[in-house]
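Here the structure comes first, spelled out in structure tokens, and everything after it is commentary.
Since this is a predicted model, take the numbers as computed values, not measurements. Quick note on labels: first sequence line is chain A, next is B, and so on, each numbered from 1.
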Amino acid sequence: MKYLLLLTGNEADWQARGEPGASEAQARLKVWWDEHVKAGRVVGGHELAATGTATTLRRDGDRIVIVDGPFAETKEAIGGYIVIDVPDLDAAIALARTWLGFDARCHRLERTEAIEIRPIGVKAASARTT
Amino acid sequence: MKFMIMFVGSDEVRQKRDPEEDRKAYALAGKWFEDLEKAGKIKGGHELDRASTAKTVRRRGGQTVVVDGPFIEAKESIGGYGILDVSGWDEALEIAKSWPLGDVEVRPLSAREQAS
């Protein structure tokens, strides 16, 4: 069964961290990633740019209105996502915990605060994979 | 340049659609994805189950707790997403405008992802 993990946290903290790629956290992340890809549990995922770079298109009758920023302004923001393929929700929760566990060993600024787990729609899952 | 296009949805709207409307919406969305995949503009994407099916794993001190529901309680949530691989913002926005079903957020992937 496929699930989407939405990685969320405090964006001000993320922006305060150093250059990507250099930190120990990045090396740890790669180990986590490679291990779960190899085991077939992680199917794909990406890190997103900051919400300040987002553009939202909204329908207003027949018109489309373009506004700067994400669709929801929230203290916690989505910073990335991971698509996983595991037997059930318990396994998805266990995997999400290992991400947070991995994170806990890292510098405070690298932390994901919460992970939302959402089942991927059955129709879409059969038609498309990342 | 790579972007994530997030389809903004609400459980309320989904539940209100009758089966015929639902069928039409799927056909439109399916065609939109198919055309863009053929053109090499979309690299993967998924539809998500309703926001009410979400669980959130949260850090609490040194522990993690699991709570029902999405990470923010809001009227709108992400109903699905696609990854665009296009020439830049102009093309990304043109494609976003052509999405047949509702509101969308378009956001670049991080600099690290753009490079890989």
What part of [X] is in contact with chain A, defined as an atom under 4.5 angstrom from a non-hydrogen atom: side chain, backbone, both or neither?
X        : result
Arg60(B) : neither
Glu76(B) : both
Ala92(B) : neither

Checking heavy atoms, do the side chain of Thr55(A), its backbone, both or neither come under 4.5 Å from chain B? both

Cut-off 4.5 Å, heavy atoms of chain B, and the answer for Leu5(A) is neither

Is there a path of hydrophobic side-chain contacts, each under 4.5 Å between heavy atoms of I/L/V/M/F/W/Y residues, joining Val65(A) to Phe71(A)? no

If you count heavy-atom pairs under 4.5 Å between each of [options] and chain A, which one has the most?
options                               : answer
Val67(B), Val65(B), Ile5(B), Thr53(B) : Thr53(B)
Gly102(B), Ala74(B), Gly69(B)         : Gly102(B)
Asp49(B), Ile72(B), Val8(B)           : Asp49(B)

Could you tell me whether a side-chain N or O of [X] sits under 3.5 Å from a main-chain N or O of [Y], the two making a donor and an acceptor?
X         : Y         : answer
Gln114(B) : Lys2(B)   : yes
Arg59(B)  : Thr112(A) : yes
Glu116(A) : Thr56(B)  : no

Could you give the distance from NZ (Lys75(A)) to CD (Glu113(A)), rounded to the nearest 0.5 Å? 8.5 Å

Classify the ring geometry between Phe7(B) and Trp99(B) as parallel (under 30°), tilted (30 to 60°) or perpendicular (over 60°). parallel

Please determine, among Gly69(A), Ala72(A), Pro70(A), Ala96(A), the option with the most heavy-atom pairs under 4.5 Å with chain B. Pro70(A)

Looking at Leu57(A), Ile117(A), Ile93(A), which one has more heavy-atom pairs under 4.5 Å with chain B than the rest? Leu57(A)

Show your reasoning for whether side-chain contact (heavy atoms from CB on, under 4.5 Å) applies to Glu35(A) and Val37(A). CA-CA 6 Å; Glu35(A) 179 194 331; Val37(A) 167; over 6 Å; no

